[in-house]
Amino acid sequence: CDSTWHHYVNVNLDGTGAAPRQGLGSWSGGAPGAGTFTPSAALQKIYAYYRNILSWLQPANRTFCRLWLDLVAIRFRPEIFEELLDAPRLTNWRDLVGLGRDGARLLAYAHGEEAATDMVAGFLRSEPELQEVGDAIAGSDIARTVIDRDDIVHGVLGAMLVRVATLLPEQADEKVATEVLAKGPQPHLKEIRSDVWRAIELGLSDAAQRIERTRPLLKIKPAKAATKEEAEVV
C-alpha cells in the first residue's frame, strides 16, 4: 500500500504532492459547501487508491455488502428519488441503463469514476453463475465485441436499484428501513440474481437488434451460404 501510494499517487488529501497544488477540488458556487463539488484529478487518484485497497482486502463473498449499502443510500438521494417513483414500470433495457447511469454518477461522486464498474464486476465475479460475465466486464476482450461495457454495468446497476426501490418504497419509514438494512442483502440475493440475469439478457438482445438495424442502414446483406462446389474448393 505504501509503495503504491508513493509511486502512483503521491498526493495527499489537502493537495500536497500535486503540481500545482490543487487541493481536493472546486465548488461551482465559488465557496466551500456552495453549489456542486467537482473532485480534482488528484482527488480522483486518491479515490481510486482507497477503492483498490478496499477491493484487495475484501473477501470475494462479501463484495455485495458494500454495494448493497450504497444502493440503499442512492435509493433515497434527491437526484434519483423521482425516477424511482415508477420503479415497477422500469422494465425495458434503455430505462434500466438510464437509471443505472444516474446511479453510477452518484457512486462516482462518493467513490471515484470507476466505482460502478468495479462494484458491479465484483458482484458478478463473486457469484458462480455470473462469474464469466464479471470477468468479461473486468477484462479487456469486451472492447473487441459489439457490447458496450458501460451499458452492461449501468443496466445491471439499474436493475439492482429497481429491486432496492421495491424493497424500500417511497413511504418506507425508519423502522422498515432499519429492518431491511439489518437483514442485509442475503434474503434478497435470489431475486437480485434473477434481476441481474434478466438485465444482461436484455442488454445482449439490444446489442443483437442494433446489429440487425445496422445492416439495412448500411445496405449490408447477410452473406449467402456457400454452394457445395465452393465449399469443396475452400
Side-chain angles (χ1 to χ4, degrees), residues 63-109 115-138 142 145-173 176-177 179-181 183-215 217:
T63 300
F64 192 53
C65 294
R66 175 191 173 201
L67 178 55
W68 172 256
L69 294 175
D70 279 317
L71 290 170
V72 172
I74 290 173
R75 190 264 173 274
F76 292 107
R77 285 290 295 258
E79 300 94 326
I80 207 168
F81 189 81
E82 288 191 9
E83 287 185 62
L84 287 171
L85 292 178
D86 290 327
R89 300 179 183 177
L90 301 177
T91 57
N92 69 61
W93 178 240
R94 301 322 304 179
D95 284 343
L96 294 178
V97 171
L99 177 62
R101 186 181 297 116
D102 289 340
R105 272 197 289 267
L106 294 174
L107 286 174
Y109 178 83
T117 299
D118 288 351
M119 289 182 178
V120 169
F123 168 72
L124 295 174
R125 296 173 91 175
S126 70
E127 295 290 319
E129 64 269 36
L130 297 168
Q131 184 175 356
E132 291 184 359
V133 181
D135 289 341
I137 290 176
I142 196 170
T145 72
V146 297
I147 304 300
D148 186 299
R149 185 203 312 268
D150 288 343
D151 269 12
I152 293 294
V153 169
H154 295 156
V156 168
L157 189 62
M160 290 179 173
L161 279 169
V162 168
R163 174 59 59 179
V164 171
T166 302
L167 296 170
L168 286 169
E170 58 177 306
Q171 304 90 353
D173 57 23
V176 173
E179 289 176 353
V180 171
L181 285 172
K183 293 177 182 177
Q186 294 300 326
H188 315 293
L189 276 177
K190 182 177 180 180
E191 291 86 356
I192 291 169
R193 290 190 191 105
S194 177
D195 294 338
V196 168
W197 261 124
R198 178 179 172 275
I200 292 171
E201 289 173 349
L202 285 174
L204 295 177
S205 176
D206 179 78
Q209 290 173 19
R210 284 174 175 271
I211 292 174
E212 290 306 311
R213 287 194 293 268
T214 301
R215 290 185 183 278
L217 185 67

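FYI, the numbering just counts along the sequence from 1.
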Any residue meeting side chain to side chain contact (heavy atoms under 4.5 Å, CB included) with [X], in chain and number order, not counting sequence neighbours:
| X | answer |
| --- | --- |
| A207 | V146, I147 |
| V133 | L124, I137, I200 |
| E191 | R163, H188 |

Next item on the list: May I ask you to check whether over 12 heavy atoms, not counting those of R89, lie within 6.0 Å of atom CZ?
Entry: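 Not buried by this count: 12 neighbours or fewer within 6.0 Å.
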Note to self: With a 6.0 Å cut-off (strictly less than), is the heavy-atom count around CD of E82, excluding the residue itself, greater than 12?
What the structure shows: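 Result for CD/E82: open.
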Would you mind reporting whether [Y] and [X] have side-chain heavy atoms less than 4.5 Å apart?
| X | Y | value |
| --- | --- | --- |
| D206 | V97 | no |
| M160 | V196 | yes |
| F123 | S126 | yes |
| L69 | L181 | yes |

If I take atom [atom1] from residue [X] and atom [atom2] from residue [Y], how far apart are they, to the nearest 0.5 angstrom?
| X | Y | atom1 | atom2 | answer |
| --- | --- | --- | --- | --- |
| L157 | D150 | CG | CG | 11.5 Å |
| W68 | Q186 | CH2 | CD | 10.0 Å |
| T166 | R75 | OG1 | CZ | 8.5 Å |
| D102 | I74 | CG | CD1 | 10.0 Å |
| L161 | D70 | CG | CG | 10.5 Å |
| D135 | L130 | CG | CG | 11.0 Å |

Next item on the list: Kindly write out the residues that satisfy salt bridge (Lys or Arg N to Asp or Glu O under 4.0 Å) with D151, not counting sequence neighbours, or none if the list is empty.
Entry: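 Result, salt bridge (Lys or Arg N to Asp or Glu O under 4.0 Å) vs D151: R94.
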Looking at [X] and [Y], what are the two nearest heavy atoms and their distance?
| X | Y | result |
| --- | --- | --- |
| P88 | L85 | CD-O, 4.5 Å |
| A138 | R125 | CB-NH1, 3.3 Å |
| L84 | A165 | CD2-CB, 3.9 Å |
| A199 | G155 | CB-O, 3.9 Å |

Item checked: Derivation and outcome, side chain to side chain contact (heavy atoms under 4.5 Å, CB included), residues L96 and R198 -> CA-CA 11 Å; L96 294 178; R198 178 179 172 275; 4.3 Å; yes
Note to self: Run the side-chain hydrogen bond (donor to acceptor under 3.5 Å, both in side chains) test against E79 and tell me which residues pass, sequence neighbours left out.
What the structure shows: R77
Next item on the list: Using the test side-chain hydrogen bond (donor to acceptor under 3.5 Å, both in side chains), find all partners of S205 that sit at least two apart in sequence or belong to another chain.
Entry: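 Testing S205 for side-chain hydrogen bond (donor to acceptor under 3.5 Å, both in side chains), a comparison that skips the adjacent residues, returns Q209.
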Next item on the list: Say whether, by atom type as modelled, one donor and one acceptor occur between the side chain of S194 and the main chain of K190 under 3.5 angstrom.
Entry: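 Between the backbone of K190 and the side chain of S194 there is no qualifying donor-acceptor contact (under 3.5 Å).
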Note to self: My understanding is that only one of V180, V72, I192 makes a side chain to side chain contact (heavy atoms under 4.5 Å, CB included) with V164; could you say which?
What the structure shows: V72
Checklist line | Audit row: N92, L202, side chain to side chain contact (heavy atoms under 4.5 Å, CB included) steps and yes/no | finding: CA-CA 8 Å; N92 69 61; L202 285 174; over 6 Å; no
